[in-house]
Structures are given as C-alpha cells and as structure tokens.
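Below you'll find the structure, written out as structure tokens, and then a few comments.
In what follows, chains carry the letters A, B, and so on, assigned in the order in which the sequence lines appear, proteins first and then strands, with residues in each chain numbered from 1. Here the structure is a predicted model, which means the values were calculated and not measured.
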Number of protein chains: 2
Amino acid sequence: MVTMRDVAERANVSIATVSFVINGSKRVAPETRARIEAAIQELNYRRNVVARALASSRTRILALLHPDLESRPNATVIQFVMGAAHGARERGYDLVLWPVNDDEQMSHLLAGGLVDGVLLMEVRISDPRVERLLASGVPFALIGRTEKDDLPYVDIDFAATIELAVAHLRSFGHERIALVTQRTKAQAGHEPGRIMRVESAYLDAIAPLGAPPAIVAVEGTSAGGREAASVLGADFPGSTAVILVNEGASAGLVKGSRALGRRVPEDLSIISAATTRELGEMIEPALTVMAAPAPQLGRLAADALIDQLEGVQDAPPHVLIPCALEPGQSVGPAPVD
Amino acid sequence: MVTMRDVAERANVSIATVSFVINGSKRVAPETRARIEAAIQELNYRRNVVARALASSRTRILALLHPDLESRPNATVIQFVMGAAHGARERGYDLVLWPVNDDEQMSHLLAGGLVDGVLLMEVRISDPRVERLLASGVPFALIGRTEKDDLPYVDIDFAATIELAVAHLRSFGHERIALVTQRTKAQAGHEPGRIMRVESAYLDAIAPLGAPPAIVAVEGTSAGGREAASVLGADFPGSTAVILVNEGASAGLVKGSRALGRRVPEDLSIISAATTRELGEMIEPALTVMAAPAPQLGRLAADALIDQLEGVQDAPPHVLIPCALEPGQSVGPAPVD
DNA sequence: CTGAAAGCGCTTACAG
DNA sequence: CTGAAAGCGCTTACAG
C-alpha cells in the first residue's frame, strides 16, 4: 500500500505539504505542487479514507435509515434509494443502507461515529427515531415529514398532487370522487405522515364539490385493492372516480372493480398517485398515474443533508415536489345516470 | 464523546484491557471484566468504528457495486439489495451502495481502503469489473456468474428453473414452447451471463420434445413485451406456451397477445420466471410465476463474502438456487387444433 | 492476567 | 510557502 509518506519522500516534501495539495487546503508553490502531483501519478497514490476520517472526524458516509423493505413490492422505493446514492456519490459521499427497526440498535449505530449524517425514510407523524436522532446530535434529513415543520425534509407535495388529480377528474365531469389510501398497523399518531396529509388534502380539494367524502384505507396488496373495490361498491356506490394513493393495491382495485361489474373507466375512473408510470402500464387498462418524483427527491434529500454538513445553507431546507400527471386509459367521462 | 480512555480511567485499567474485553480478544480476570463492563454501562460507551478500522485495517464495510438501477422497474432488485444489507448487518457489517459504471472511478474507490469486500451485481459473461477487482486484491463475491466458474458466486439456478418450467408446461400437454428473454445493448461476449445460461438451459430442456426452438429477445419494458407477442405470432405461430425470463416485459406480453386475439391461457400459456409473485398478481390473468429467491441470494452473497473475509471457508462458495413455481392463472391445457 | 508503547495513515494548529 | 509534531481513538505485539 502506498501512503502519503511515500509520496512525500519521492517529492522531497513533508507529508503536511502533500496533504495540502491533495485537499487544496493551503497555498502551495507551483513547482512544489507539480512535483507532488507527479509523485502521486507515478505511485498511483490514493488517500486512505479511513485515516482521513479519523484525523478529520468526518467520514463522508451518509446512512439511509429505513424499516424492513425486503418484502415490499414498492416500485418507488428503489428510485428513492438510488437517487440518494447517486446524489451522495456526486458530492463525494458514500451511502450506507441501515435496515433498522428498534431504536436500541439505532443508538448503537449513531454513537459509533461511522456516519456524518442520516437520511430517514418512512417518517411517521410522530416518530421516535427523530427524537433519537435529535438526541444524538447527528445531522439528518427526512424523506417525508413529521408533525413539526422545523426539521429539514424533502417530500412529495401531496396537497398539490391531490388538487391536480381532482382537477383532472373534474375536467372529465366527475363530482363524486373517492379516496383510497393505505392502512397501517401503526398505532394512532404514529402513522406515516403521508396518509394524514393525503386525507386532509383530499377533503380540501373535494369541498367545493359539495359531495360527501368517501375514504377507504386498505393494505398495500392486491387483496387490499380488491377489498377497496368492494367497500367502495357497498358504502359509496355513487362514486364515479377514485384517487388511489396506495401503489401496491392498484392492480387489485382494477381487478376487483371489474369483478363487481364496474368497468374501468366506463363506470369508474381511477388515478393512481405517487407511483411509477411503468407500474401503471402493467395494468389493463393502463392506469392514469401521477408519477412520484422519487429519483429527484432521493437526490435532493442527499443534497439537503450534505448542505447541512458543509454549512452551505442557513435555514433547514424544505423541499416539496408534486407528482406529475401521466395520462393512461383509466380515466374517462363521468357516466350519466 | 466518551472514549476508551474514559472507560479505562473509570475502571482503573489500561485501555488495552478495555479493548480486550470489548473484543473478547484476550482472557481477562472476572472482577476486572466486571469493572470494565460496569464502566461501559455507566458511561454509555460505544467504540469508535473509524478508529477501530484504522488500527485493525478492517472497516467491516461491504460495498454493493451495481450499474445505474435508478430507472429500472425491477421488483427483484430491491429484494437482492435488502437481502444483502440484512445479511451484512446481522454479521456486524455495513453495506454501502456504489452506483458505478466506468472503471476509472472504480479503481479510485477500491484503493481508498473504505471497504473490506465487494458484492458485484449484474455480472456479465466477460466482465471488466471482475478484472479490476482481481487486480485490486479486494475480496469479492458475485451475484451472477462470469464464464469462469472459479470465483465465488451466488446465482439463480437457471438450468433447474427452466427445466421445472418446461416440465410444468408439459404436464399441461404443451410441446411447442417458446422462450422470451431480454435484449441487451451490450456487445457480444459482454451480455449478462443470465441470458446465455437461460438460452442453453432452454435448448437442453426442449430437446426431448423434438420441436424446433423459438427464442425471442426484447427489451424489458411493456413495449418490449408487446413486440415479443407480435414476433411470436409472426415467426412462431405454432407455439402454445411461453417461458418468459424478462420481468419488465411480462405485462406487455399478455396485453400484446390478447390484442392479437390470443387469449391467455386458452390459446397461449405463460410462465414468468425470475420475478416476484406480487408482480405476477398485478397482471390479468394473474401470472404463473417462478419466484426469484432474491432475498435469500442477497443474504447468501453477503454471507459468502464475509466467510471469505473471515477465513471461514476453504473453497470459493458456489450457491445456486432455483426459482420456485407459484401457480397463477396463466397456464392452461395446450389447445387441441 | 495486565500494562506501556508503538503504530494505523492521515489532518491541522503552530512555528518559522 | 513549508515542516515538525501532536493527535484522531483504537489494536496489537511485546514484556512482565
């Protein structure tokens, strides 16, 4: 292994000077710099990042903290993760994956000094992991939001997304629009913030329509989707359109509706929000989706965290991006009865 | 920050002794050990992993090297990744994501000393990254295989998987079975090994049937799937069943077939291999799939690499697991004409 | 069984 | 503009 000492000897300088040119941290005479750069080239030297981390007490490693994602068929998740990994890489950081659930394990990890900062996914309205993070002093950024708005976050702009979805459906004449979200096993107050935000955005957006709200929460699976279809048929038969914010249930909702004799989109229009175009295309008929800006959000989350680490920014960054409408074949004119 | 020195002082021992009890690396008198453990508790001490890494020249970080996965709607990929992250975590290692394409960047990373070992995804038959890895001396394991069989790898057992698929279709009376794989932009000899292995397994498995082979390669998208449907109809109209090893094309193949008037499964049976049950269920009719053992393979890849790092194993581990058949509604009796 | 000390490969005040 | 030296927080022969 070639070290900084080897480079220094070959260039006839001290290791301090080598460090200065590598980091650009101090002015160095042009000839000296040239000698050092030549030596680095010739020896094919790379600085040891572990030693650098110990000496500078900065590891340039970011952790992505997430619950168990192993079993979930969630197309947007990998886009998030990869977006964050790319964003980090481009700024000279590495991203490590931390599949962590209990917070005992979490405090272990945080105190180890491995990471400079943390990205937190699947944030709950009230999230104990945020408290842990705050207590640990390790900088972090959220993908999603808690109830308090003073922490740095990036998130889907659900209000704008739902508003857009409702506007799109209204332009097709729909007035009775239902919402299908995701049921969670979390206790009250600890649900993903997403669900609460979606519901209140929905209530706001349909208020002008005068029709009563119709909200159904089911599991994020095909079975959940079928359940949603039958609950809609039984409890809200007047609804002519559905906004779905439950990626995993999308196929089941279409299949279930059809099984109950409701054609899509002739009898029931569907918009699937916060998902991917590719997933929508798999379904028959191809769903009109609102594509989650997952790759961008992942990147921006990494950026926000790194800005914070490097003291670039002043206020905690708050980034909101709405989903983009991608018309498919699942939205049609409201049926006249 | 509380250091080992703090613990040593409080327990009235040297830091060496503290190190011994933390690592279990040397026998320590019971009373001394108790004092040290108490001090650790009281101070809530956690060993600094960076310092440990520098001193021991082992970082306990593994890297997952993969091409750009950002855009791909591949349900099995995240299962792989998370499986590997879990496997690593359980053995006290961290997994970092390295989105790397050019190998200039790669040698930079390898020489930095950040990682103890590398997991390589999307392995090509002839893969320059493998040469780089070999040259760098950093231990690694493959997810997939190159042409040479002497490197440690875990992979789907495509031979067994295809054999199983053919047997399943034969039990329904099918004798003319086509194969749909994935087209790649890679130059000859640098394709993913998977494709070559699948094709030769297919040729072996259908040989006893006497029918001529029918192989179609398309892109892993809905459009690709539709293209496969029309090529099959035009070039291989006699085929009554398809084995699909192209997750992204599955929905398109079904839709395209139906659009051409071939019902699934009445006119055409389909098995989708190396995918997930959840993805199969999204499609109408629900596909009969052969589920990729992605979570296990991810875990086993991490295990194989760690075994290697810790000198546990002797021969390079070679792990092959076939996909498991999960019957859906897309396979039926061969039509009689 | 325990400790003093060297060393891992860097960074960073501090002098000059 | 450059260097000598301390220090980051551990591990690990080596003595005793």
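In terms of the ring pair (Phe, Tyr, Trp, His ring centres under 6.0 Å) criterion, residue partners of B:Tyr153 (sequence neighbours excluded) are, by chain and number, B:His318. For A:Arg47, there are no salt bridge (Lys or Arg N to Asp or Glu O under 4.0 Å) partners at least two apart in sequence or on another chain. With sequence neighbours left out, A:Asn44 forms a side chain to side chain donor-acceptor pair (under 3.5 Å) with A:Arg46. B:Asp157 pairs by the salt bridge (Lys or Arg N to Asp or Glu O under 4.0 Å) definition with nothing, not counting sequence neighbours. Legend: residues meeting salt bridge (Lys or Arg N to Asp or Glu O under 4.0 Å) with A:Arg52, ordered by chain and number and at least two apart, are absent. Legend: residues meeting side chain to side chain donor-acceptor pair (under 3.5 Å) with B:Glu131, ordered by chain and number and at least two apart, are absent. Partners of B:Phe80 by ring pair (Phe, Tyr, Trp, His ring centres under 6.0 Å), not counting sequence neighbours: none found. For A:Arg58, the salt bridge (Lys or Arg N to Asp or Glu O under 4.0 Å) partners at least two apart in sequence or on another chain are A:Asp116.
Taken residue by residue, residues 38-60 of chain B places heavy atoms nearer than 4.0 Å to DNA chain C at B:Leu54, B:Ala55. Looking at residues 14-31 of chain A, you'll see A:Ile15, A:Ala16, A:Ser19, A:Phe20, A:Asn23, A:Lys26 sit with a heavy atom under 4.0 Å from some atom of DNA chain C.
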Dot-bracket notation for DNA chain D, counting Watson-Crick and G-U pairs under 3.5 Å, with | for partners on another strand: |||.||||||||.|||
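In summary, B:Glu37 and B:Arg33 engage in a salt bridge, as defined by a charged side-chain N under 4.0 Å from a carboxylate O. Salt bridge B:Asp127/B:Arg145: absent, no basic N to carboxylate O contact under 4.0 Å.
We find the CD1-CE distance between A:Ile40 and A:Met4 to be 7.5 Å, quoted to the nearest 0.5 Å. In this structure, B:Leu62 CG and B:Leu309 CG are separated by 6.0 Å, a value rounded to the nearest 0.5 Å.
Contact footprint of chain A on DNA chain D: nucleotides with an atom under 4.0 Å from a non-hydrogen protein atom, first to last in 5' to 3' order, D:dC1 to D:dG9.
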